[in-house]
**Q** 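Quick one: the structure is below, and I'll ask about it shortly.
To find a chain, count down the sequence lines: A is the first, B the second, and so on, and within it residues start at 1.
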Amino acid sequence: MIDLQLLRNDAEKVKKGLAKRGVAPEKVEALINLDEEIRQLTKATEKLKASRNEKSKTIGIKIKEGLPVEDIAREVKQIGEQIKKSEKEMEAFKDDFQSMLWDLPNLPHDLVPEGAGEEDNLEIRKEGALPDFDFEPRSHHEIGKECDWLDFERGVKLSGNKFVVLKDQGAFYSRHLIQFMLNSARERGYLEVAPPLMAKRSVFYGSGQLPKFEDDLYKIQDDDSFLIPTGEVPLVNLYADEILSEEQLPLKLTCLSSCFRKEAGAAGKETKGLIRLHQFEKVELVAVCKPDQSNQMLDEIVADAEVILKKLGLPYRIMLLCTGDMSGFSTSKTYDLEVWFPSLKKYVEISSCSNCTDFQARRAKIRYKASTGKNQLVHTLNGSALAVGRCLAAVMEHYQQADGSIAWPDMLK
RNA sequence: GGAGAGGUGGCUGAGCGGUUGAAAGCGUCUGCCUCGAAAGCAGAUAAACACAUGCGUGUUUCGGGGGUUCGAAUCCCCCCUUCUCCGCCA
């Protein structure tokens, strides 16, 4: 959620920042006007309440003294009716205001390049040499189907399009990749968490999936709950509505979670196989820190994700996403890690690391008690380390041999 | 899923219609004492919002929402949640 103080004090900055993400300045303008209106109403209503409270108090005193109170009681009743009326009016304004505010994305960081889409992302660096096959490398789904490690047909039979069944080496190495990733996170100081995979509606407001992206989520029919689209959701909300102590920070959390996404409209050659599914596994990193730590923390998270690719010997590049490609609603700055896919002859996103600044903290009310004694919003960050399915696919493609077998890296055995 | 009992500040726990944002204790902080510390003594110690921004003033909040009342932590209704017992089950 956008900082209201900032909105009031520097509307231009908010307008400019949001414009970069395609939000019309009129929206911000409307918000400011509404805010002003609400404050006027608040002032008037509070005045009425103050007088009611005071007069009610004197009634109590008069009753004790045995004095008559009928006149004043009637008066207070009238004030009460006025209050009700004015509160009703205000509530309508506030509802509008809140839903407008919920719908605004985070402001992009100053260093984020402006751009329309993928083509405007900034390559930070490339790591690892591209493999040199003396045969035409095959896609992971081709290999997977042939060896019966990836059973797409039966995934469809069981659960529908874009579900897969892993078998034999597919299941085995997927499990070992997870183990490898979680262990790596633990070694780097993350607390391992095993969260629920479904969560209540309010939780999704906290991390920013709701109210805007309800269509992307799987809803539980009998409850007002949803399946999580990423482990970020439970991890970020773990300390919602809490006031942390300064010594607790930074908090570094990791979890394995299945992720459920509707992925409406996504299809095509580049999303084949394990690339885009309705359910996939991901090891997630989340950091909760003080505001002045978050810039550095983002670099750390990128490094924590990178190390997996390095150890697996997979070539990748790091991209700084431009404003137009920053799909993460809550983020102010995002680095994508893209791993090389020999069959596609291109880099494919395998991790996304974001600094959400105080955007989620404000929504989820995550604060810490600063040494000054004041409660302050924390900053939250998240990153994948890594998407398991895509990683498995990348390993299969990268380590395939001419004879159709795969030279699995030792660390996964 | 059924029955019963609860949900109060950082924690324990009183209050069960009026001047109670809330006793008491613990914890934390500050001052005194001390060479220093402990003990002791004195005081301070919730959040959000609005207005004033020099001290400050007001509003809201006792699980959440609604209602009764001049006035609700206190009474009524609904929901959530915790504990105990029963049922079910990996």
**Q** If you measure from the Lys or Arg side-chain nitrogens to the Asp or Glu carboxylate oxygens, is any gap between Lys145(A) and Glu153(A) under 4.0 Å?
**A** no
**Q** Keeping to residues at least two apart or across chains, list the side-chain hydrogen bond (donor to acceptor under 3.5 Å, both in side chains) pairs with something in residues 170-189 of chain A.
**A** Arg186(A)-Glu192(A), Arg188(A)-Asp304(A)
**Q** In whole Å, what separates the C1' atom of G27(B) from that of U12(B)?
**A** 10 Å
**Q** Pick base, sugar-phosphate or nothing for Lys369(A), based on heavy-atom distances below 4.0 Å to the nucleic acid.
**A** sugar-phosphate
**Q** What is the ring orientation for His278(A) with Phe163(A), classed by angle as parallel under 30°, tilted 30 to 60°, or perpendicular over 60°?
**A** tilted
**Q** Would you measure the distance from the C1' atom in G17(B) across to the matching atom in C76(B) and give it in whole Å?
**A** 13 Å
**Q** Could you tell me from which nucleotide to which nucleotide of RNA chain B, 5' to 3', there is an atom under 4.0 Å from chain A heavy atoms?
**A** G18(B) to G71(B)
**Q** Quick one: label Ile243(A) by what it contacts on the DNA or RNA (base, sugar-phosphate, nothing), any heavy atom closer than 4.0 Å.
**A** nothing
**Q** Distance between the C1' atoms of A73(B) and G64(B), in whole angstroms?
**A** 14 Å
**Q** Could you tell me whether Arg201(A) and Asp224(A) have a side-chain N and a carboxylate O separated by less than 4.0 Å?
**A** yes
**Q** Please measure how far the P atom in C55(B) lies from the corresponding atom in G66(B), and state the result in whole Å.
**A** 35 Å
**Q** Flag yes if more than 12 heavy atoms outside Glu246(A) fall under 6.0 Å of its CD atom; otherwise flag no.
**A** yes
**Q** Can you confirm if the aromatic rings of Phe213(A) and Phe204(A) lie within a centre distance of less than 6.0 Å?
**A** no
**Q** More than 12 non-hydrogen atoms from neighbouring residues, nucleotides or ligands closer than 6.0 Å to NZ on Lys365(A), yes or no?
**A** no
**Q** Taking atom C1' in both A47(B) and U8(B), compute the distance separating them and give it to the nearest angstrom.
**A** 15 Å
**Q** Given the rule that a pair is Watson-Crick or G-U wobble with both distances under 3.5 Å, how would you write RNA chain B in dot-bracket, using | for pairs to a different strand?
**A** ((((((((.[[[..)..(.....]]]((((((.......))))))((((((....)))))).[[[[[..)....]]]]])))))))....
**Q** Please check if the side chain of Lys219(A) supplies one atom and the backbone of Asp223(A) the other of a donor-acceptor pair under 3.5 Å.
**A** yes
**Q** Using the C1' atom as the point on both nucleotides, what is the distance between A48(B) and G9(B), in whole Å?
**A** 15 Å
**Q** Could you tell me whether Glu54(A) and Lys49(A) make a salt bridge, using a distance below 4.0 angstrom between a side-chain N and a carboxylate O?
**A** no
**Q** Between A24(B) and G15(B), how far apart are the P atoms? Round to whole Å, please.
**A** 15 Å
**Q** Starting from the 5' end of RNA chain B, give me the residue, Arg8(A) or Gly60(A), whose nearest nucleotide shows up first.
**A** Gly60(A)
**Q** Indicate, with a heavy-atom threshold strictly under 4.0 Å, whether Lys55(A) touches base, sugar-phosphate, or nothing.
**A** nothing
**Q** Identify, between Lys43(A) and Lys47(A), the residue whose nearest nucleotide on RNA chain B lies closer to the 5' end.
**A** Lys43(A)
**Q** What nucleic acid atoms does Arg74(A) come within less than 4.0 Å of, heavy atoms only: base, sugar-phosphate, or nothing?
**A** nothing
**Q** Can you check the distance between G4(B) and C79(B), where both ends of the measurement are the P atom (answer in whole Å)?
**A** 14 Å
